[in-house]
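Atoms within each ligand, like the ligands themselves, are counted from 1 in listed order. Only this structure's heavy atoms are used, side chains among them; waters, hydrogens and symmetry mates stay out.
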Amino acid sequence: MIYWSSGVFLFPHRVKTPGCSEYQPKDGSYLAELLLSKGYEVYGLIRRTSHFNRDNIDHIKSKDFHLYYGDLEDTSSLCHLMKDIRPDEVYHLASMSHVQISNDIPEYTFDTNAQGTVRLLEAIRLADINPCVYNAATSELFGGSNGFLNEESVMHPKSPYAISKLYSYWMMRYYRDAYGLYTWNGILFNHESSRRGENFITRKITLSLARILAGKQSFLEVGNTEAKRDWGYAPDYVEAMWMMLQSSKPDDYVVATGETHSVQEFIDRACGLAGLDPGKIVRVNPCYVRPMDVDCLCGDASKARRVLFWEPTVKFDELVRIMLKADMQRLKQ
Ligand code: GDD
């Protein structure tokens, strides 16, 4: 039986970076597909930008998919949305999500990510509704460690982005404890796909290699190649978001693969698949080195496994293959 309900999700914010294409809704697009396949009516919030940047959602043709203009910095738009739609589920994915860029625009980052979360929570309270609310928290909260990180690990954020997200994480917990709102924090480790923005490292690598193979680019320029991340596959992670909101008790969950690999390993694996010599095409450019980087992230998702029965289906080797193949095909087209 198909259960019809109204769900709202919010797209990630997009920022125009010189020399980079605009960010596309990545998790939002996968989540919309998942919810529509489950019979939800889906309402997405988009910001007004000077460029149309909806490539990742253009293919979604459904009478149950609605887009509204709004902004995390515009309280009235959030209030109207909550009052009019009265959603059963809210997926709060909107943020200024680039760690390095948050050093250039710290005030904007805080306003959008931290205050934006409070505006959303207040809009929900003012509409006098009590939906299940998912918040996109992040492994950046931890600031890195050489061990496995779980929900109890110490949080020591190392960028304006991570600090803004820590505030947002605690506000979700506060509204849960103080006002009885049904709020979940998904502490998601890095999750990638061919829909990833082009200035995040995984996509930058696969797209650059595809362009080099096509003769359209000569080098791949990167920053810190020693950094290690726990990289999973975005469609697996939106499944975890949905599973959280179907669970009986609001809570916080780490979502991760439990494997960590360096940026260099990602480059080597992708070059191996592409038949390219990393020694000949990779250059370090200091402009991509961060004032303070998170050295190593590796998640322990045993709580999500135990309570939600969530499992990642794609791990590192397969992820690199999927992303490289998609970019090579895109370049051919
Ligand atoms: N972006 C980028 N570009 N990163 C580089 C580069 C480069 O040219 N060269 C090396 N890196 C290193 C960064 O210094 C960092 O250590 C690592 O690659 C990953 O960088 P990103 O892909 O930009 O992701 P992130 O880990 O900083 O943040 C992403 O994951 C978080 C979850 O842990 C973002 O999606 C965040 O929004 C998210 O919260």
Side-chain angles (χ1 to χ4, degrees), residues 11-15 17 19-21 23-28 92-104 109 112-113 135-145 149 153 155-166 168-169 185-193 195-209 217 219-234 237-238 240-241 254-257 260-267 270 278 281-299 301 319-320 323:
F11 289 144
H13 260 226
R14 282 146 288 185
V15 171
T17 325
C20 298
S21 64
Y23 300 174
Q24 299 289 342
K26 170 184 60 107
D27 290 356
H92 171 30
L93 311 183
S95 78
M96 201 307 284
S97 66
H98 201 285
V99 176
Q100 185 174 15
I101 295 171
S102 75
N103 290 295
D104 299 331
T109 302
T112 305
N113 298 3
N135 178 44
T138 160
S139 53
E140 285 290 305
L141 298 180
F142 298 118
S145 152
L149 294 156
S153 300
M155 292 179 175
H156 185 161
K158 287 186 179 161
S159 64
Y161 166 79
I163 293 166
S164 70
K165 282 290 197 175
L166 187 65
S168 161
Y169 164 88
N185 280 304
I187 308 173
L188 269 53
F189 284 59
N190 297 50
H191 44 288
E192 316 295 312
S193 78
R195 295 183 194 172
R196 183 56 135 158
E198 293 168 22
N199 59 354
F200 292 88
I201 191 63
T202 55
R203 184 74 203 294
K204 183 174 174 179
I205 295 168
T206 58
L207 185 61
S208 297
L209 296 199
Q217 186 174 325
F219 298 100
L220 161 65
E221 292 200 340
V222 293
N224 175 15
T225 56
E226 301 303 312
K228 291 181 167 177
R229 291 290 183 275
D230 180 331
W231 278 299
Y233 188 45
Y237 286 46
V238 299
M241 295 175 192
V254 158
V255 180
T257 68
T260 190
H261 297 272
S262 67
V263 171
Q264 188 63 52
E265 281 175 77
F266 198 107
I267 293 171
I281 55 154
V282 181
R283 284 179 174 177
V284 172
N285 185 333
C287 84
Y288 297 116
V289 178
R290 298 176 183 183
M292 194 182 207
D293 206 1
V294 170
D295 296 334
C296 179
L297 288 171
C298 189
L319 176 69
V320 182
M323 290 182 69

**Student:** Within 45° of the axis and under 6.0 Å from the centre of the six-membered ring of F200, does NZ or CZ of K26 qualify?
**Tutor:**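 Judged by the rule, K26 and F200 form no cation-pi pair.
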
**Student:** Starting from atom 37 (O) of ligand 1, which protein heavy atom do you reach first, and at what distance in Å?
**Tutor:**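 Going atom by atom, the protein heavy atom closest to atom 37 (O) of ligand 1 ends up being S97 O, 2.6 Å.
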
**Student:** Can you tell me which portion of H98 lies within the under-4.0 Å heavy-atom range of ligand 1? Options are side chain, backbone, both, or neither.
**Tutor:**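 It is the side chain that touches ligand 1; the backbone stays farther off.
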
**Student:** Any side-chain heavy atom of F266 within less than 4.5 Å of one from R229?
**Tutor:**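 The answer is no; the side chains never approach within 4.5 Å.
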
**Student:** Working to the nearest 0.5 Å, report the span between CZ of R196 and OG1 of T202.
**Tutor:**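 Atom-to-atom, R196:CZ and T202:OG1 are 5.5 Å apart.
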
**Student:** Kindly say whether I187 contributes a backbone atom to a donor-acceptor pair with the side chain of N185 at under 3.5 angstrom?
**Tutor:**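 Absent.
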
**Student:** Can you pull out the closest protein heavy atom to atom 31 (C) of ligand 1? Residue, atom name and distance to 0.1 Å, please.
**Tutor:**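 Protein heavy atom at minimum distance: T138 OG1, 3.8 Å.
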
**Student:** For the residue pair V222 and Y288, establish whether any side-chain heavy-atom pair is separated by less than 4.5 Å.
**Tutor:**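 Counting from C-beta outward, V222 and Y288 never come under 4.5 Å.
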
**Student:** If we only count N/O pairs under 3.5 Å, is T202 in contact with ligand 1?
**Tutor:**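 Min N/O separation from ligand 1 is not below 3.5 Å for T202.
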
**Student:** Are any of the N/O atoms on V222, whether in the backbone or the side chain, positioned under 3.5 angstrom from an N/O atom of ligand 1?
**Tutor:**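 No, no N or O pair falls under 3.5 Å.
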
**Student:** With a 4.0 Å heavy-atom cut-off (strictly under), which part of I201 contacts ligand 1: side chain, backbone, both or neither?
**Tutor:**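 I201 to ligand 1: contacts from backbone and side chain alike.
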
**Student:** Within the 4.5 Å heavy-atom criterion, are S139 and L149 side-chain neighbours or not?
**Tutor:**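 The answer is no, as the side chains (C-beta and beyond) never meet within the 4.5 Å cut-off.
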
**Student:** Does N113 use its side chain to pair, donor to acceptor, with the backbone of S95 at less than 3.5 Å?
**Tutor:**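 No.
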
**Student:** For the pair H191 (side chain) and F189 (backbone), establish whether a donor and an acceptor sit closer than 3.5 Å, ignoring hydrogens and angles.
**Tutor:**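 Here the side-chain-to-backbone pair exists.
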
**Student:** Which heavy atom of the protein is the closest neighbour of atom 1 (N) of ligand 1, given with residue, atom name and distance?
**Tutor:**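 Ranking protein heavy atoms by distance from atom 1 (N) of ligand 1, first comes N199 O, 3.0 Å.
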
**Student:** Give the numbers and elements of all ligand 1 atoms closer than 4.0 Å to a heavy atom of A227.
**Tutor:**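 Counting from 1, the qualifying ligand atoms are 16 (O).
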
**Student:** With only distance considered, is D293 within less than 3.5 Å of ligand 1 through an N or O on each side?
**Tutor:**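 Yes: some nitrogen or oxygen of D293 is under 3.5 Å from one in ligand 1.
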
**Student:** Starting from atom 33 (O) of ligand 1, locate the nearest protein heavy atom and write down its residue, its atom name and how far away it is, to 0.1 Å.
**Tutor:**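 Among all protein heavy atoms, the one nearest atom 33 (O) of ligand 1 is S139 OG, 2.4 Å.
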
**Student:** Quick test of your reading of the structure: of K228, E221, R290, K204, whose heavy atom lies closest to atom 21 (P) of ligand 1?
**Tutor:**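 Selected option, by shortest heavy-atom distance: R290.
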
**Student:** Given I205, V294, V99, V289, which one has a non-hydrogen atom that is nearest to atom 28 (O) of ligand 1?
**Tutor:**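 The residue whose heavy atom sits nearest atom 28 (O) of ligand 1 is V99.
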
**Student:** Side-chain contact, heavy-atom cut-off 4.5 Å: M292 with S159?
**Tutor:**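 Answer no - side chains too far apart.
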
**Student:** Suppose we measure from atom 38 (C) of ligand 1 to each protein heavy atom; which comes out shortest, and what is that distance?
**Tutor:**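 Going by distance alone, atom 38 (C) of ligand 1 is nearest to Y161 OH, 3.6 Å.
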
**Student:** Is it the side chain, the backbone, both or neither of Q100 that has a heavy atom closer than 4.0 Å to ligand 1?
**Tutor:**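 For Q100, no heavy atom sits under 4.0 Å from ligand 1.
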
**Student:** Can you find a side-chain donor-acceptor pair between S168 and N135 that sits under 3.5 Å?
**Tutor:**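 The criterion, which ignores hydrogens and geometry beyond distance, is satisfied for N135 and S168.
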
**Student:** Please list the nearest protein heavy atom to atom 24 (O) of ligand 1 with its residue and the distance rounded to 0.1 Å.
**Tutor:**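 Residue, atom and distance for the closest contact: N190 ND2, 3.6 Å.
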
**Student:** Between M241 and L93, is there a side-chain heavy-atom distance shorter than 4.5 Å?
**Tutor:**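 Yes, their side chains come closer than 4.5 Å.
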
**Student:** Counting only heavy atoms, tell me which of K165, R229, M96, E226 gets closest to atom 26 (O) of ligand 1.
**Tutor:**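 Among K165, R229, M96, E226, the closest heavy atom to atom 26 (O) of ligand 1 belongs to R229.
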
**Student:** Would you kindly specify which portion of R196 sits under 4.0 Å from ligand 1, judged on non-hydrogen atoms: side chain, backbone, both or neither?
**Tutor:**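 Just the side chain.
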
**Student:** To the nearest 0.1 Å, how far is atom 9 (N) of ligand 1 from its closest protein heavy atom, and which atom is that?
**Tutor:**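 In this structure, atom 9 (N) of ligand 1 has G223 N, 2.7 Å as its nearest protein heavy atom.
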
**Student:** Purely on distance, is any nitrogen or oxygen of W231 under 3.5 Å from one on ligand 1?
**Tutor:**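 N/O-N/O distance under 3.5 Å: no.
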
**Student:** So, taking the atom named CD in E140 and the one named CG in N190, what distance separates them when rounded to the nearest 0.5 Å?
**Tutor:**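 Separation between the atoms: 7.0 Å.
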
**Student:** Nearest to atom 12 (C) of ligand 1, what protein heavy atom do you find, and at what distance?
**Tutor:**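 Among all protein heavy atoms, the one nearest atom 12 (C) of ligand 1 is N224 O, 3.8 Å.
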
**Student:** Examine ligand 1 and decide if any of its atoms is less than 4.0 Å from a heavy atom belonging to E198.
**Tutor:**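 No, E198 has no heavy atoms under 4.0 Å from ligand 1.
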
**Student:** Taking the side chain as every heavy atom from C-beta outward, state whether E192 and M323 have any pair of such atoms under 4.5 Å apart.
**Tutor:**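 Yes; the side chains approach each other to less than 4.5 Å.
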
